[in-house]
Colleague: 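One structure is given below, represented as structure tokens, and several questions about it will come after.
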Amino acid sequence: MSDAIPPKPDLARLRIDRSAPRPGGGRWFGRLVILLVLAAIGWAGWTYGRPWLERRSAGDAPAAAGPKTVAARALLDPAGDVSGNGYVVARRRAALSTVLAGRLVELSVEEGSVVEAGEVIARIQYDDYENALAAARRALATAEARVVSAEADVAAERRGLATAESQVEVARRRQASAETDAGEAEREAARQRGNFEAGVISESEYDRAASEAQRLRKVVETSVAELAASASEVARAQAQLASREAAVLPLRAAVAEAKAQIESSEILLDKTYVRAPFAGVIVEKNAEEGEVVAATGAGGNSRGSVATLVDLATLEVQIELPEKRIGNIAEGMSASVYLDASPRDGWAARVRQIWPKADRQKGSIEIRVVFEERPEVLRPDMGARVVFHERAEVDAALRDAVLLPQSTLRKGPDGAFVFRVEGDRVAKVAVEQEGERDGLAVIKKGLAAGDRILLAPPPGLADGDPIEKAMEKGR
């Protein structure tokens with residue numbers, strides 16, 4: 001007998017391997033999915049691609065066995081009116097604020113308030129400016145009082161000068177009288193001396209005449225001294241008057257400065273008011289009483305404006321059109337405005353202005369459209385759609401003009417021409433071009449809308465050639 005223990009059976013070999021692919025089952029399911037996807041793609045292509053192919057075959061696309069042609073399109077096509085979306089804006093709109101920065105203490109308007117031009121709608125803190133104005137007025141009163149006092153001194157000095165000048169005249173007359181009397185006395189004394197020497201009169205009589213002459217000469221000397229003193233008083237009075245007059249000048253300058261300070265204080269006080277620059281409606285209130293208002297709004301805790309005022313009479317629609325479409329628009333052109341608030345109502349309007357500058361980033365140009373009659377429902381910032389109507393009166397010369405690709409044109413000695421398809425032949429037609437629009441040639445004369453034109457006529461094609469010949473030359 002053997003003591004060896006028999007090996008244990010491997011039960012793992014009895015498990016079913018589910019990872020092994022079933023023969024044929026997986027491939028059949030994958031093929032079915034692929035067939036369903038291809039069928040869906042085919043159905044979508046037939047459903048959505050057939051209308052496009054039909055339009056292409058009826059429009060500019062060439063027939064399978066024919067030459068490439070294009071239909072001339074009318075330049076002024078009422079069915080092809082240009083349209084664009086925009087917003088209602090006000091031509092006159094102002095964010096009202098003050099030049100000065102301060103705390104708002106009065107606010108008399110709300111959203112929707114109707115104001116007149118010059119009406120006060122708010123005011124900032126003004127007590128400091130009132131105090132400055134009162135101080136300037138007091139300074140003016142003081143300066144004016146000083147001027148009055150100084151001018152009174154000048155007047156007194158002028159009266160003193162006049163008195164001194166009159167005293168000079170009196171002294172001058174006294175001197176003249178004394179000199180006359182002294183001269184007569186001296187002559188009398190000389191005559192009496194001769195009589196005395198001749199023994200006609202006594203010595204005592206001669207002595208009286210000589211004494212009188214001496215006395216009158218002293219009177220002359222006294223009058224000369226008085227005249228000199230009076231002249232000195234006049235000079236002193238003149239100097240004092242000049243000094244008084246000089247003192248008045250700075251006082252008058254102080255009065256002028258005080259008046260200027262009053263005017264400046266009044267201007268600053270007036271700037272504490274916020275007034276409406278024009279009549280309109282308050283559409284937005286940007287601040288409340290107690291908030292700090294600054295003209296620039298530089299501070300983080302300050303408001304840049306008090307309220308926003310809009311002149312509703314200047315409401316218009318602002319839109320932006322791509323540069324390629326701006327050639328179809330002209331100032332004065334009629335248009336219809338459909339407001340988002342009433343999309344079924346078209347309001348008559350016209351193009352007021354086409355902006356002289358384009359937006360480089362957007363590639364567009366701004367257009368402003370005004371209403372012929374302002375709708376009652378109109379409000380700023382409302383959405384709107386504008387349809388421009390291309391009118392013949394905008395450019396009567398282009399009433400019958402058509403548009404063609406540049407590749408249809410050929411140049412000859414007599415000018416530009418194209419080949420028009422007429423039945424199974426082509427006809428050479430002379431045309432007159434009037435510039436370009438949207439990359440297409442504007443044909444002013446020679447063609448009508450709907451004419452079929454060879455898209456790329458081959459060289460050597462002549463008037464009356466069959467279409468097959470155009471095809472052969474194009475190969």
Side-chain angles (χ1 to χ4, degrees), residues 130-269:
E130 283 187 339
N131 293 336
L133 178 59
R137 286 173 176 170
R138 289 193 298 269
L140 174 62
T142 301
E144 288 178 338
R146 290 177 178 175
V147 169
V148 170
S149 176
E151 288 179 344
D153 293 341
V154 169
E157 291 296 335
R158 285 177 178 170
R159 289 193 298 271
L161 176 61
T163 301
E165 290 176 344
S166 65
Q167 290 176 354
V168 167
E169 289 297 325
V170 171
R172 187 175 289 114
R173 286 194 297 269
R174 286 177 180 176
Q175 180 184 356
S177 177
E179 287 179 349
T180 301
D181 293 342
E184 291 179 355
E186 288 175 350
R187 288 191 296 273
E188 180 63 22
R191 187 177 65 79
Q192 292 296 341
R193 181 178 180 179
N195 290 335
F196 171 69
E197 290 177 352
V200 177
I201 62 173
S202 63
E203 182 178 2
S204 60
E205 292 177 341
Y206 167 69
D207 290 340
R208 285 195 299 272
S211 298
E212 182 64 18
Q214 291 176 358
R215 186 185 68 78
L216 292 177
R217 177 55 57 188
K218 289 181 180 179
V219 171
V220 169
E221 293 175 355
T222 301
S223 63
V224 170
E226 291 178 352
L227 179 60
S230 297
S232 176
E233 182 64 21
V234 168
R236 187 200 65 77
Q238 289 177 339
Q240 189 69 16
L241 176 61
S243 176
R244 295 292 186 183
E245 289 178 340
V248 172
L249 296 179
L251 296 178
R252 288 176 177 170
V255 169
E257 183 179 356
K259 289 181 178 179
Q261 185 63 37
I262 288 177
E263 183 178 358
S264 176
S265 299
E266 289 175 343
I267 292 174
L268 289 176
L269 183 61

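Values reported hereafter were calculated over all heavy atoms of this structure, with side chains retained and with hydrogens, waters and symmetry mates removed.
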Colleague: Side chains of Val147 and Glu144, heavy atoms from C-beta outward: is any pair under 4.5 Å?
Modeller: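 Answer no - side chains too far apart.
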
Colleague: Using 0.5 Å steps for rounding, measure from the CZ atom of Arg138 to the CG atom of Leu133.
Modeller: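 Spacing of CZ (Arg138) from CG (Leu133) equals 10.0 Å.
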
Colleague: Please find the pair of heavy atoms, one from Leu140 and one from Lys259, that lie closest to each other, and give the distance.
Modeller: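 For Leu140 and Lys259, the tightest heavy-atom pair comes out as CD1-CG, 3.6 Å.
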
Colleague: Any non-hydrogen side-chain atom of Val248 less than 4.5 Å from a side-chain atom of Val154?
Modeller: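 Side chain of Val248 against side chain of Val154, heavy atoms only: contact under 4.5 Å found.
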
Colleague: Find the distance between OG (Ser177) and CG (Asp181) and round it off to the nearest 0.5 Å.
Modeller: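 Rounded to the nearest 0.5 Å, the OG-CG separation comes to 4.5 Å.
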
Colleague: Within the side chain of Ser223, is there an N or O that forms a donor-acceptor pair under 3.5 Å with the backbone of Val220?
Modeller: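 Flag set: sc Ser223 to bb Val220 pair under 3.5 Å.
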
Colleague: Could you walk me through whether Arg158 and Glu151 satisfy the salt bridge (charged side-chain N to carboxylate O under 4.0 Å, His left out) test, starting with their C-alpha distance in whole Å, then the side-chain angles of each, then the deciding distance to 0.1 Å, before giving a yes or no?
Modeller: CA-CA 10 Å; Arg158 285 177 178 170; Glu151 288 179 344; over 6 Å; no

Colleague: Any idea which heavy atoms bring Gln238 and Leu161 closest together, and the distance?
Modeller: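 Between these two residues, the closest heavy atoms are CG-CD1, 3.3 Å.
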
Colleague: Please determine if Glu169 and Arg172 form a salt bridge, counting it only when a charged side-chain N lies under 4.0 Å from a carboxylate O.
Modeller: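 Yes, Glu169 and Arg172 are salt-bridged.
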
Colleague: How long is the straight-line distance from CD of Glu188 back to CD of Glu212, given to the nearest 0.5 Å?
Modeller: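 Between Glu212 CD and Glu188 CD, I get 10.0 Å after rounding to 0.5 Å.
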
Colleague: Please say whether more than 12 non-hydrogen atoms of neighbouring residues, nucleotides or ligands are located less than 6.0 Å from CZ in Arg217.
Modeller: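 Check passes, neighbour count above 12.
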
Colleague: Between atom CZ of Arg193 and atom CD1 of Ile201, what is the distance when rounded to the nearest 0.5 Å?
Modeller: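 If I round to the nearest 0.5 Å, the distance is 11.5 Å.
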
Colleague: Which heavy atom of Ala171 sits nearest a heavy atom of Ser230, and at what distance?
Modeller: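 What the structure gives for the nearest pair is CB-OG, 4.0 Å.
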
Colleague: Over all heavy atoms of both residues, which pair between Glu233 and Ala164 is shortest? Give the atoms and the distance, please.
Modeller: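 So the two residues come closest at CG-CB, 3.7 Å.
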
Colleague: What heavy-atom pair brings Ala246 and Pro250 nearest, and what distance separates the two atoms?
Modeller: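 Closest approach of Ala246 to Pro250: O-CD, 3.1 Å.
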
Colleague: Is there a donor-acceptor pair closer than 3.5 Å between any side-chain N or O of Ser264 and the backbone N or O of Ala260?
Modeller: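 No; zero donor-acceptor contacts below 3.5 Å.
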
Colleague: Any donor and acceptor pair, going by atom type alone, linking the side chain of Ser149 with main-chain N or O of Ala145 inside 3.5 Å?
Modeller: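 Flag not set: sc Ser149 to bb Ala145 has no pair under 3.5 Å.
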
Colleague: Nearest 0.5 Å, please: how far is CD in Glu257 from CD1 in Ile262?
Modeller: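 Going from CD1 on Ile262 over to CD on Glu257, the span is 11.5 Å.
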
Colleague: Between atom CD of Glu266 and atom CD of Gln261, what is the distance when rounded to the nearest 0.5 Å?
Modeller: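 Here the interatomic distance stands at 11.0 Å.
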
Colleague: Looking at Val224 and Gln175, what are the two nearest heavy atoms and their distance?
Modeller: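 Result for this residue pair: CG2-NE2, 3.1 Å.
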
Colleague: Are Glu203 and Phe196 packed together at the side-chain level, in the sense that at least one heavy-atom pair is separated by less than 4.5 angstrom?
Modeller: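 Glu203 vs Phe196: side chains touch.
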
